[in-house]
Amino acid sequence: MSKKVRVRFAPSPTGGLHLGGMRTVLYNYLFAKKHGGNFIVRIEDSDQSRYVAGAEEYIFNCLKWAGLEPDESAIHGGEYKPYRQSERKDIYKKYAEQLIKDGHAYYAFDTPEELEKMRNDFKSDHNHSPQYDGLVRMKMRNSVTLTSEETKKLLDEGARHVIRIKMPEHETVTFTDLIRGEVSFDTSLVDDKVLLKADGMPTYHLAVVVDDYLMKISHAFRGEEWLSSAPVHVLLWKYLFGINEMPQWAHLPLILGPNGKLSKRDGAKYGFPVFAMNWMDPKTNELVEGFKEKGFLPEAFINLLALLGWNDGTEQEIFSKEELIEKFSIERVHSGGAKFDYEKAKWFNHEWIKRLQISELPAGRQGLRFQIEAVFNAKGITINDSVKFEKIISLVKDRCTLLTDFYDQSYFFFITPEKWDVDAVKPKWSETKKLFFAELIRNFELCPDWRATILENNFKEITVVNEIKPGEVLLPFRIMLVGGKFGPGVFDIAEILGKEDTILRIKKFLEII
RNA sequence: GGCCCGUUCGUCUAAGGGUUAGGACACCACCCUUUCACGGUGGUGAUACGAGUUCGAAUCUCGUACGGGCUACCA
């Protein structure tokens with residue numbers, strides 16, 4: 001019981017890191033940190049045919065962006081290296097052979113063709129997909145049906161073979177899931193899973209058990225899709241290391257899309273990201289948009305992910321990472337799947353944008369200011385005046401839901417409008433208005449104190465003198481400055497723009513109207 | 001088909017035998033605002049169905065329906 005908390009996440013470098021994967025990381029991370037333990041990332045790269053170049057690095061970049069960096073991993077180092085499955089082949093082989101010696105596993109020489117034939121032969125309405133189980137086992141070519149001489153001969157000849165677990169007959173395997181409570185299975189209904197493949201690589205089943213033991217993992221949280229293979233893992237623990245050594249498990253519910261299981265297709269279909277960061281599949285050149293690039297703050301991303309299936313029992317919804325670590329408990333995670341709601345996701349981001357201080361982490365590259373600057377840089381705008389930039393941010397902050405909104409809400413501070421919403425002004429344009437703005441220019445030119453409140457007063461005074469309603473010239477004024485019917489308060493805009501630029505924009509518009 | 005898991009407003013969820021079933025997102029209305037937002041106030045809206053246990057069930061039990069997962073030499 002005094003065992004140190006060490007939780008493990010094992011991504012497979014086969015593509016982007018989706019919401020479900022990120023939430024699994026998050027819960028693992030939160031639990032580890034809450035208990036002062038270590039968060040370990042082990043890479044599942046044993047299937048080289050599915051392995052995608054660059055995917056491993058991508059996974060770690062996602063974790064870094066979200067602020068969920070592991071304590072131990074192939075790239076961060078650690079005591080229990082190596083952390084890549086493909087680099088631990090010999091270890092798995094040793095344990096697989098020990099299982100055979102103890103009578104819990106056997107060699108199987110069946111070719112893929114023979115397996116396919118078996119599945120066809122045994123297929124019926126009663127049995128959609130026949131399994132390599134206790135019954136079928138006796139009809140196949142393996143070290144259970146073959147004599148030991150025959151087996152030895154095949155092995156000596158170097159015949160291609162796998163090692164399969166020998167599932168016991170009619171045994172009930174029970175384990176306690178931290179979220180679901182007690183779950184039991186009848187071993188007769190589970191097939192003889194392959195443990196070691198013909199190429200010498202382990203399957204997940206063997207690797208996860210061996211690595212969790214060797215890396216002294218105390219807790220492992222994974223997706224619900226693993227629940228049905230849990231009995232295999234329980235048995236392997238029992239055979240290899242003793243059931244008492246087995247880590248505590250929690251099977252997390254799936255995150256659903258608008259129509260069932262969340263897929264990367266849903267992103268394109270419904271216009272929301274499903275991956276943490278942009279993922280370009282080098283095989284297909286298909287780009288799947290990420291939350292980062294879409295304009296999400298890592299703080300908001302973590303927050304919304306954590307709340308998708310968990311809450312602390314109060315009505316609080318906005319949590320910082322530190323608060324999540326403090327309040328998270330795996331027992332309060334839901335057992336039912338949650339449908340992802342992009343509108344709510346955006347709300348979280350909006351809340352975080354409103355909350356974060358502009359000057360936060362000014363020296364780092366992670367602060368809000370830096371992230372917004374990056375948005376402008378991406379649009380080809382360089383920020384020269386830092387003071388002005390921060391003023392702009394505070395002015396438009398409340399109206400931005402995504403980081404990219406900062407550009408749409410304030411680009412006009414950096415780019416003088418070339419096109420104006422003339423239609424909104426022209427029909428009601430008059431000589432009186434023309435005179436008003438001429439007067440306004442004169443007044444502004446002489447204005448000694450360029451502040452929004454003063455500008456507003458001057459503006460109103462001139463409307464009185466010219467016998468014109470403020471409402472009639474306010475909109476044209478706005479369009480002169482920004483080009484259209486949008487943006488924050490006009491006088492605030494004018495203040496930031498400065499005297500010279502403001503007057504220039506009025507003049508420019510007067511020329512074309 | 002078999003096995004496993006699940007089911008409270010449209011969505012995320014609270015309520016662990018006794019609440020007018022609470023909150024948030026979205027939606028609608030009003031207020032604020034001489035642009036658009038933000039914000040404020042209010043409103044519509046849920047215990048899948050059927051039995052049972054109980055004085056009393058969203059809550060416990062069973063059945064049904066529906067949804068999901070697994071059923072690979074993928075993870």
Side-chain angles (χ1 to χ4, degrees), chain A residues 10-14 21 44-47 49-51 85 108 110-112 115-116 119 123-133 160-164 177 179-180 183-186 188-191 193-205 207-208 222-231 251 253-254 256 258 260-261 304 307-318 334-348 350-351 354 396-401 405 409 421 424 469-479 482 484-490:
Chain A
S12 137
T14 54
E44 300 279 354
D45 64 345
S46 68
D47 187 346
S49 65
R50 278 165 50 99
Y51 183 91
Q85 226 163 253
D110 316 284
T111 64
L115 287 173
E116 203 187 322
R119 292 200 178 95
K123 198 169 179 172
S124 67
D125 286 346
H126 187 65
N127 189 356
H128 278 196
S129 45
Q131 307 195 96
Y132 202 117
D133 60 14
R160 276 181 79 79
H161 65 275
V162 301
I163 296 177
R164 286 181 182 271
D177 183 284
I179 296 172
R180 282 152 224 278
V183 184
S184 6
F185 298 85
D186 180 344
S188 303
L189 272 1
V190 184
D191 60 339
K193 292 263 185 264
V194 170
L195 263 20
L196 204 69
K197 300 190 264 185
D199 62 1
M201 286 288 193
T203 57
Y204 174 84
H205 309 295
V208 81
R222 71 227 300 196
E224 196 183 0
E225 69 269 26
W226 289 109
L227 193 53
S228 31
S229 44
H251 290 87
L254 268 14
L256 282 357
K261 197 182 177 184
L304 73 91
L307 273 280
L308 215 49
W310 172 87
N311 69 83
D312 73 340
T314 71
E315 279 169 4
Q316 183 176 350
E317 293 202 88
I318 303 297
H334 272 240
S335 42
K339 199 176 278 185
F340 174 65
D341 181 2
Y342 187 47
E343 292 306 320
K344 183 101 184 204
K346 284 194 289 190
W347 174 79
F348 276 109
H350 189 194
E351 290 300 311
K354 285 194 290 184
V396 299
K397 211 169 137 183
D398 285 356
R399 45 221 306 152
C400 295
T401 298
D405 292 340
Q409 290 292 340
D421 186 357
K469 281 185 209 148
E472 290 184 64
V473 277
L474 231 24
L475 187 65
F477 185 40
R478 164 178 298 282
I479 290 171
V482 310
K485 290 189 268 188
F486 55 84
V490 248

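Chain naming here is simple, since letters A, B, ... match the order of the sequence lines and numbering starts at 1 in each.
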Do the side chain of [X] and the main chain of [Y] share a donor and acceptor less than 3.5 angstrom apart?
X      : Y      : value
A:D177 : A:H251 : yes
A:E44  : A:Q85  : no
A:R478 : A:P488 : yes
A:H161 : A:D110 : no
A:E315 : A:E317 : no
A:T203 : A:V194 : yes
A:R399 : A:D405 : no

For [N], the Watson-Crick or wobble counterpart (both distances under 3.5 Å):
N     : value
B:G43 : B:C27
B:U35 : none
B:U20 : none
B:G1  : B:U71
B:U8  : none
B:G52 : B:C60

Problem set entry | Residue whose closest nucleotide on RNA chain B lies nearer the 5' end, A:R180 versus A:K193 |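 The residue closer to the strand's 5' end, by nearest nucleotide, is A:R180.
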Exercise. More 5' along RNA chain B: A:D125 or A:E472, using each one's nearest nucleotide?
Worked result: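 Whichever sits nearer the 5' end wins; that is A:D125.
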What does [X] touch in the nucleic acid at a heavy-atom separation under 4.0 angstrom: a base, only the sugar-phosphate, or nothing?
X      : result
A:D110 : base
A:R478 : base
A:G487 : base
A:R160 : nothing
A:T314 : nothing
A:H251 : nothing
A:D47  : sugar-phosphate
A:K354 : sugar-phosphate
A:L227 : sugar-phosphate
A:P11  : nothing
A:R119 : sugar-phosphate
A:V194 : sugar-phosphate
A:S335 : sugar-phosphate
A:G489 : base

Integer angstrom distance from the [atom1] of [N] to that of [M]:
N     : M     : atom1 : value
B:G68 : B:C28 : C1'   : 34 Å
B:A15 : B:A75 : P     : 38 Å
B:C74 : B:G69 : C1'   : 15 Å
B:C27 : B:G45 : C1'   : 10 Å
B:C66 : B:C49 : P     : 15 Å
B:G52 : B:U59 : P     : 14 Å
B:G18 : B:A51 : P     : 22 Å
B:G42 : B:G50 : C1'   : 38 Å

Please pick, from [options], the nucleotide with the shortest atom-to-atom distance to any side-chain atom of [X].
X      : options             : value
A:A338 : B:C12, B:C36, B:C5  : B:C12
A:L475 : B:C25, B:U11, B:U35 : B:U35
A:L474 : B:C12, B:U34, B:C73 : B:U34
A:R399 : B:C38, B:G69, B:A37 : B:A37
A:K197 : B:U71, B:C73, B:C3  : B:C73
A:L189 : B:A75, B:G69, B:G2  : B:G2
A:H350 : B:U34, B:C38, B:C25 : B:C38
A:D341 : B:G1, B:A75, B:U11  : B:U11
A:L254 : B:G69, B:A75, B:C73 : B:G69
A:K339 : B:C73, B:C12, B:A24 : B:C12

Figure out the [atom1]/[atom2] separation between [X] and [N], and round it to whole Å.
X      : N     : atom1 : atom2 : value
A:Q409 : B:U35 : CD    : P     : 15 Å
A:L256 : B:U13 : CG    : P     : 10 Å
A:L196 : B:A72 : CG    : C1'   : 16 Å
A:W347 : B:C27 : CH2   : C1'   : 16 Å
A:F340 : B:U13 : CZ    : C1'   : 16 Å
A:I179 : B:G6  : CD1   : P     : 11 Å
A:E224 : B:C70 : CD    : P     : 9 Å
A:N127 : B:C3  : CG    : C1'   : 11 Å

[X] side chain N/O closer than 4.0 Å to the phosphate oxygens (OP1, OP2) of [N]?
X      : N     : result
A:S229 : B:U71 : no
A:N311 : B:A14 : yes
A:K123 : B:G2  : no

For this session: Classify the side chain of A:K344 versus the base of B:A26 as yes if they form a donor-acceptor pair under 3.5 Å and no if they do not.
Result: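 No.
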Exercise. Do you know the tightest heavy-atom contact between A:V396 and A:Q409?
Worked result: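 Of all heavy-atom pairs spanning A:V396 and A:Q409, the closest is CG1-O, 3.7 Å.
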For this session: Please report the shortest heavy-atom distance between A:A198 and A:V162, naming the atom on each side.
Result: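 Scanning both residues completely, I find the closest heavy atoms to be N-CG1, 3.6 Å.
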Exercise. Do the side chains of A:F340 and A:L304 get nearer than 4.5 Å, heavy atoms only?
Worked result: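 A:L304 vs A:F340: side chains touch.
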Exercise. Pick one for B:C38: is it syn, with its angle within 90° of 0, or anti?
Worked result: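 Syn conformation here, the glycosidic angle of B:C38 being no more than 90° from 0.
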